[in-house]
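See below for the structure under consideration.
No experiment lies behind these values; they were computed from the predicted model shown. Any value given below was found using the heavy atoms of this structure, including those in side chains, with hydrogens, waters and symmetry copies removed.
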Amino acid sequence: MFEFLGAGPLTWITFLPIIGMVIIMMIPTGKDDRSKAASRSMFQWTTVLFTFVQLVIAIMIFMNYDPTMLGVTNADTFQFVDRVDWITLHNVPIFGELKIEYFVGIDGISAPMILLTAIVCFFATFASFNIKKAPKGYFAMYLLLDAAMIGVFVSLDFFLFYVFWELMLLPMYFLIGIWGGPRKEYAAIKFFLYTLFGSVVMLLVMIALYFAAGSFNMLDMMNVEGYADGSLLAKVNEGWRLIAFAGLFVGFAIKVPIVPFHTWLPDAHVEAPTAISVILAGVLLKMGTYGMLRIAWPMFPDAVAYFSDWIALIAVVSIVYGAMCALGQHKVGKRDLKKLIAYSSVSHMGYVMLGMASMNETGMQGAIFQMFNHGTITAMLFMIVGVIYDRAHTRSLDDFGGLANKMPIYTGIMTIAFFAAIGLPGMSGFISEVMVFLGAFATYPIHTVISGLGIILGAAYMLWALQKVFFGKLPERWSGPWDPTKKIYKHDDVNAREIFSLVPLAIIIIYLGIFPNTLLDMMSGSVHTLVQFVKTSALYSAGM
Amino acid sequence: MASETLLQLSTVVLLLPLLSFVILIFFGKKIGRPSGVIGTSILGLNLVLSGIIAFQKLAVHADTVLIQTKFTWFNIGDFPFQVGFGVDNIAAVMLIVVNLISFLVHLFSTVYMEGDKRYPRFYAYLGIFTFSMLGIVLANNILFMYVFWELVGLSSYLLIGFWYEKDSAANASKKAFITNRIGDLGFLAGMLMLFFSYNTFMFDEIFAQIGMGIMPMADFSANGELMLTLAGIFIFMGAIGKSAQFPLHVWLPDAMEGPTPVSALIHAATMVAAGVYLVARVFPMLSADALTFIAYTGGFTAFMAATIAITQKDFKKVLAYSTVSQLGYMIMALGVGAYTYGFFHLVSHAWFKGALFLASGSVIHAMHVAMHHAHNHSMDAQDINNMGGLRKTMPKTYITFLLMTLAISGVPLTSGFLSKDGILAGTLAYAQLTGGVNWLIPLFGFGAAGMTAFYMFRLLIVSFHGKPKTDIAAHTKENKIPIVLPLFVLSILTLWIVYSPNPTDASSGWFYKSMKAPATVVPAEYQHDFLMPINKDNGYALAAHETVVENHAVEEALAHNDIPELEGEHAVEGDVVHDAAHAHDAEHSHEGEHAHEAADTHDDGHSHDVANTHDDGQGHEADAHQEHGNNHYANKFEEQIHKAHLPAMILSILIAGFGIVLAFVIYQFKIISADKLEANFKRLHTISYNKWYFDEIYHATFIGITVWLSKIMALFDGKVIDGIVNATAVVTRGFSYFIGHFDNKVIDGLVNLTASATGFGGIVLRKFQTGRVQT
């Protein structure tokens with residue numbers, strides 16, 4: 001359905017940004033200042049155009065999504081499927097016949113992620129408008145990153161998934177490494193190596209799974225009974241299966257990130273340009289948990305059961321430890337607002353893990369909903385930091401105070417975002433946190449209550465930051481207008497472009513806080529299927 | 001009025017203040033001055049509507065315990081998360097309390113906040129506060145309770161920090177929010193326990209299941225008593241935060257940094273009462289141990305806060321600690337089982353404390369105006385030692401303030417007397433029934449009562465009587481009507497006649513009769529025997545019986561998403577309930593039967609309409625029960641409280657009288673010198689004046705440790721964890737360097753060696769390959 005030029009919407013939504021990238025590459029940069037400026041705005045608006053069309057397709061997919069089609073393990077019930085043979089090699093040594101498919105489709109687990117990616121990428125484009133250095137490369141890389149992220153979420157073939165997963169690394173490395181802050185090289189290489197380490201492990205497990213299942217199709221890989229006899233992963237709960245799961249888990253955990261694999265995140269966030277921080281926190285972190293849901297959980301139910309106590313423990317540690325590190329930012333270092341928010345991400349992604357460890361529908365659905373909500377909320381938070389950084393060229397909390405009178409609209413928006421991050425009812429984050437708590441409590445009551453400390457600490461660091469930036473007295477140095485020439489900023493408060501990128505996110509956050517069913521209905525069937533599949537599989541009980 | 005209309009009207013009452021918020025937050029700047037008028041008129045309309053609701057509920061629908069609606073907020077798979085709103089008698093009264101105080105504060109602020117540059121914003125915040133508070137009042141389920149509970153926290157944060165340029169205000173708002181969050185964690189834990197155990201958020205459904213003997217967390221622990229007590233205490237933790245009970249009371253006095261009308265509305269009359277209201281809501285499920293915990297918390301708070309209020313110099317601080325103390329009273333009342341008097345005190349306290357704060361606002365405003373005229377901006381306008389003689393300059397404020405002081409001191413002919421007297425009788429009855437160490441409770445109660453009378457009259461005498469202590473005080477002027485009128489309205493409501501024709505006993509009035517304690521659902525072995533209903537029919541299950549479930553109107557309005565039919569799910573739940581009832585032992589079989597029926601009724605409620613529920617005969621049973629119940633006391637406690645009433649009354653009048661006389665002796669006639677007293681009791685005075693050093697202790701311990709720990713964590717993260725990562729990199733690089741060299745020197749050397757060896761060999765061998773065969 002909705003085919004255009006022979007390709008379905010998922011193919012379009014994935015490769016559209018690549019077309020955009022090619023177009024940007026063909027636009028000349030210009031020689032003198034005027035033509036440079038002109039081409040810069042060409043790059044910007046091309047990116048806006050392509051991400052906008054992508055958003056429109058994502059909304060179309062959302063509107064036409066059928067929640068009764070469950071997906072997860074059944075290839076026939078995935079939606080918007082495009083499936084063709086991609087690479088077929090005969091008589092490959094060891095492998096025999098090697099068949100890799102181009103197989104994309106979505107179900108209730110990936111559909112919200114597609115929507116999230118499209119939303120975040122579109123609005124983050126506006127936060128990229130102040131990129132002056134090598135805009136051509138920036139926007140080309142931006143669109144490539146966009147395509148790779150969507151690709152990860154739609155792939156149903158592990159090999160294809162892996163290709164997109166790796167493809168994502170490249171633009172991210174350059175985007176941080178070239179357009180980042182003072183320690184950009186360090187941050188970029190750290191991000192790259194960390195993730196690469198994860199991918200190498202993932203590659204090994206993928207190959208092992210291929211030998212077991214005889215295909216790269218993820219759905220075949222979930223069918224453990226169909227594994228070839230004698231293959232490494234065939235026997236239930238054998239050491240190799242546990243090791244393979246642990247490998248996959250670490251690979252994904254680095255992306256989430258889960259303590260203790262998280263230290264790339266604060267550095268990457270602090271150094272990355274605003275829009276890239278937004279994408280990093282808004283979408284990239286979700287790939288880790290998405291990978292677990294799509295790959296690790298259904299393929300290794302026995303190992304999930306075996307490790308679930310540990311996963312819950314790690315989740316609690318992430319929640320509390322991340323929150324404490326965020327709170328600790330006001331005692332150590334440069335009191336960087338971005339770093340504080342980066343640590344808050346560690347804490348909030350811990351809730352996702354806790355929900356996933358609970359292995360029941362409430363917790364699991366809460367986890368996926370929390371992925372979406374954290375995506376929108378943190379995207380907003382990083383954009384907000386970008387707004388003052390653009391003006392003041394500092395993010396240190398010590399440099400601010402009393403901005404509430406100078407920037408009232410901005411203060412209002414930031415208050416919404418901060419309280420959303422605290423999990424205030426009426427905002428989407430509350431629903432997902434409560435769902436996670438309700439689900440996790442059924443399995444791990446003590447863990448859940450301890451992780452409740454996160455909501456107290458969360459209030460503490462968020463309100464502390466809010467107070468530092470907005471309340472009290474305005475420092476002398478900011479008493480004048482941000483931009484006396486009025487060229488860039490006509491008013492001291494947020495400008496139209498910034499409002500345009502922030503307010504829609506705020507509306508989404510509040511809307512989903514009041515009407516969560518809009519999204520929950522989309523995912524509930526698939527989550528049910530996933531939980532049932534993992535829990536009722538014979539492997540699960542074997543792993544207990 | 002039909003039940004549906006009543007509920008629809010309640011929804012309107014709930015949403016109107018939200019409308020006010022939305023209008024004023026977005027268009028306030030454009031609207032400007034008239035914002036106040038808009039906010040005030042919306043609240044005026046709301047007050048009228050809630051008056052209608054309350055009348056309808058208390059007079060017309062008096063037989064229906066709870067009129068409620070349930071609808072699905074969101075689904076998890078097939079499981080609907082049900083929420084809803086309901087109106088019972090205490091909710092109906094609370095609607096009036098919240099709306100009236102809020103309306104008067106709106107009115108008051110038109111003058112008080114006149115000159116503020118964020119005037120429209122102030123009204124917007126008042127709107128969202130009122131909305132959230134009404135949500136708490138109308139919630140018939142624990143999830144909505146929690147939702148609006150948090151929203152109240154937000155509004156309070158915004159209003160305390162309204163003058164955020166002041167660091168003290170910004171700090172106070174943060175402190176309030178975080179302290180409340182600590183309590184909320186307990187509330188959340190309690191909610192999780194209940195939802196996990198009963199698969200519902202609805203109070204009536206939870207109670208019905210407990211009434212059947214299903215204890216919380218049965219899967220985890222066989223100790224049902226402990227689990228039930230824990231659930232009760234966890235939920236009560238929410239109340240400890242919001243109602244400023246020991247040990248989380250420290251935020252409330254700081255909250256006085258907000259504008260004074262806010263103090264009146266939020267931190268005296270309504271929001272802080274939310275905790276008491278919550279305890280009243282879950283009262284039926286509180287076990288004996290939970291109740292004891294609650295009674296001691298409340299009693300200690302009442303006593304401790306009173307000792308602090310005695311020495312404070314700031315006008316608002318005295319009132320703030322008095323609020324903490326009075327809230328302790330209410331909590332204590334609920335803890336000993338004197339439910340009706342606890343709730344009564346909530347209402348009467350709302351009036352007189354609201355008025356006391358508004359009067360203090362009137363005084364502070366007058367002081368500010370006088371200071372403004374005298375061009376004096378350095379004096380502390382809130383220090384009572386700068387006042388004096390205000391009786392002459394502000395007679396109207398004085399009269400009302402005097403009346404309120406009488407009420408809070410528990411002088412006869414006031415509502416405060418009726419409610420406080422009931423509470424004291426309750427503590428006495430409790431001590432008589434339980435004995436032993438529990439005599440501490442009445443000791444706390446009577447002690448606090450004496451101190452209350454003393455410090456309130458001290459405040460009155462020092463600030464209003466005598467000669468002006470400063471020029472400023474001498475030049476104060478009475479305020480305009482919008483400030484004075486609310487004081488008079490509230491004064492009328494503090495007269496006994498509003499509640500009961502008999503000025504000595506509330507139990508003959510309409511209020512007492514309408515606000516009877518709901519019977520406990522806790523199994524007899526976990527509950528005080530004196531709280532068990534004498535008449536076995538009196539179980540909460542019966543209340544569930546009469547519940548009117550009205551499902552459609554709000555559902556359609558709120559959830560435009562398609563909501564799947566829920567009958568199936570509920571039928572399943574009903575079956576579970578059924579089995580449990582049968583499995584239960586014979587002792588409870590009677591109750592069990594009833595509850596079982598109730599559950600069935602509830603299931604049907606989805607399809608039945610209101611009329612059916614009343615017609616199908618169960619209504620008759622309820623009526624018969626009602627008559628039956630009038631002839632007897634509901635439980636032994638009620639009987640005992642009746643007996644304790646006279647001694648408690650005499651004692652409380654004597655003690656209050658002593659406090660008042662002492663205040664006059666020291667501050668009016670100065671027979672005993674206050675300074676000498678202070679010197680003689682230096683140590684006690686210092687402890688009291690410094691509020692028992694709670695803030696300092698918390699800073700040194702909890703806050704200090706948390707901050708220290710988070711600093712250590714952040715350092716640990718940066719140095720150790722990241723250090724390991726970087727060290728790995730360094731090691732790898734070193735290793736690579738080594739490998740590089742190895743490669744360069746050794747491997748490559750070997751290669752080169754081989755090459756040169758080969759070359760050399762070549763040269764050597766070439767010698768043999770001369771072609772001269774002969775060699």
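In this structure, the portions of A/N405 lying under 4.5 Å from any heavy atom of chain B include both its backbone and its side chain. Interface remark: A/L193 contributes no atoms to any contact with chain B (heavy atom separation under 4.5 Å). The contact between B/T706 and chain A is made by backbone and side chain atoms together, counting heavy-atom distances below 4.5 Å. The parts of A/E361 that come within reach of chain B are both its backbone and its side chain, each placing non-hydrogen atoms under 4.5 angstrom from that chain.
Options A/Y461, A/Y194, A/F470 differ in how many heavy-atom pairs under 4.5 Å they form with chain B, and the most are formed by A/Y194.
In this structure the side chain of B/D722 never reaches within 4.5 angstrom of the side chain of A/W264, judged on heavy atoms. In this structure, the side chains of B/N726 and A/T263 stay at 4.5 Å or more apart for every pair of heavy atoms. Here the side chains of B/F177 and A/F419 are in contact, with some heavy-atom distance below 4.5 Å. Side-chain contact check for A/I455 versus B/L188: some heavy-atom pair is nearer than 4.5 Å. Within the 4.5 Å cutoff, no side-chain heavy atoms of B/F196 are placed close to those of A/P445.
Between the side chains of B/N171 and A/Q467, at least one donor-acceptor pair of N or O atoms lies under 3.5 Å.
Residues that satisfy the side-chain hydrogen bond (donor to acceptor under 3.5 Å, both in side chains) test with A/K468, not counting sequence neighbours, are absent from this structure. Under the side-chain contact (heavy atoms from CB on, under 4.5 Å) criterion, B/M713 pairs with A/Y321, A/M324, A/C325, sequence neighbours left out.
Between B/Y164 and A/F471, the ring planes lie parallel to each other; the angle is under 30°, not in the 30° to 60° tilted range.
One finds no salt bridge joining B/D717 and A/K339 here, because no Lys/Arg side-chain nitrogen approaches an Asp/Glu carboxylate oxygen to under 4.0 Å.
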